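Below: the structure, in structure tokens.
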Amino acid sequence: DAGVTQSPTHLIKTRGQHVTLRCSPISGHKSVSWYQQVLGQGPQFIFQYYEKEERGRGNFPDRFSARQFPNYSSELNVNALLLGDSALYLCASSLGTGFLPLHFGNGTRLTVT
Amino acid sequence: EDQVTQSPEALRLQEGESSSLNCSYTVSGLRGLFWYRQDPGKGPEFLFTLYSAGEEKEKERLKATLTKKESFLHITAPKPEDSATYLCAVQARRGGGADGLTFGKGTHLIIQP
């Protein structure tokens, strides 16, 4: 069975640009979460979506937005990129929104120059 | 604010040398705790969930335990393939919308042959 897939794997952008990251969850999983992992740190929660609705949001600015599609895939959008947005962006899926294990993809490495 | 502190930050062991990793947490109502393993360039891989103090889970050479203030990941007779960063994460019990996980910075474990 395919795990969580993310695209692209690597991306280089310039300050001020916009970026869209994509995620396909494990088949049957209806919840998708996004995390940001800066080098040397643990992942930090950005969003959780379930059944196309936002169910949770971390402490990130409004430049970050996301959505979930009817097939449960998801996009994370970041506007007006800053150097500090350089990080590994992880997508995770789970069956629902309860206390369930998250299954992570291998992430998108975003570099902002 | 929920906080997770992992120690040590890095640990180098000889193959077969058992040890323990620590995860201490402060959270307003613990829903549960997760342990993940992360290899370089990969997303975190789920290992264990622990729900209540006194609970223990085992998988191969790993055993996770939970108290009211901390969790331990015990590694018995480790092998070089156990080398990875081990992440601890907590989820709080709160009403309303879903909450993401709060991760520690991880323990970087190296097992030397």
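Computed over heavy atoms, backbone and side chain alike; hydrogens, waters and symmetry mates excluded. Keep in mind it's a predicted model, so treat the numbers as computed, not measured. Order of the sequence lines sets the chain letters (A, B, ...), proteins ahead of strands, with each chain counted from 1.
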Walk me through whether B:His74 and B:Ser20 qualify under side-chain hydrogen bond (donor to acceptor under 3.5 Å, both in side chains).
CA-CA 4 Å; B:His74 307 279; B:Ser20 295; 2.7 Å; yes
Could you look at [X] and say if it's the side chain, the backbone, both or neither that has a heavy atom under 4.5 Å from chain B?
X	answer
A:Tyr35	side chain
A:Ile46	neither
A:Gln37	side chain

Can you confirm whether [X] sits close enough to [Y] that some side-chain heavy atom of one is under 4.5 Å from a side-chain heavy atom of the other?
X	Y	value
B:Ile75	B:Leu13	no
B:Leu66	B:Tyr25	yes
A:Leu82	A:Val112	no
A:His10	A:Ile12	no

Which portion of [X] sits near chain A, non-hydrogen atoms under 4.5 angstrom:
X	value
B:Leu47	neither
B:Gln6	neither
B:Phe48	neither
B:Leu87	side chain

Partner chain B: residue of [options] with the largest heavy-atom pair count (under 4.5 Å):
options	value
A:Leu100, A:Asn106, A:Thr9	A:Asn106
A:Gly105, A:Gly58, A:Pro43	A:Pro43
A:Arg109, A:His103, A:Gln41	A:Gln41

Strictly below 4.0 Å, N to O, side chains only: are B:Glu45 and B:Lys42 in salt-bridge contact?
no
May I ask you to say whether A:Lys13 pairs ionically with A:Asp85, meaning some side-chain N is under 4.0 Å from a carboxylate O?
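Result for this pair is no, no salt bridge flagged.
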For the OG atom of B:Ser52 and the NZ atom of B:Lys68, what is their distance to the nearest 0.5 Å?
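Between atom OG of B:Ser52 and atom NZ of B:Lys68 there are 10.5 Å.
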Please say which of A:Val19, A:Leu21, A:Leu76 ends up in a side-chain contact (heavy atoms from CB on, under 4.5 Å) with A:Thr108.
A:Leu21
If the contact rule is any heavy atom under 4.5 Å from chain B, which residues of residues 86-93 of chain A qualify, in numerical order?
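Result: A:Leu88, A:Leu90.
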Measure across B:Ser83 and B:Asp39 and return the closest heavy-atom pair with its distance rounded to 0.1 Å.
O-OD1, 3.6 Å
Considering non-hydrogen atoms only, spot the tightest contact between A:Ser31 and A:Gln48 and give its length.
OG-NE2, 3.0 Å
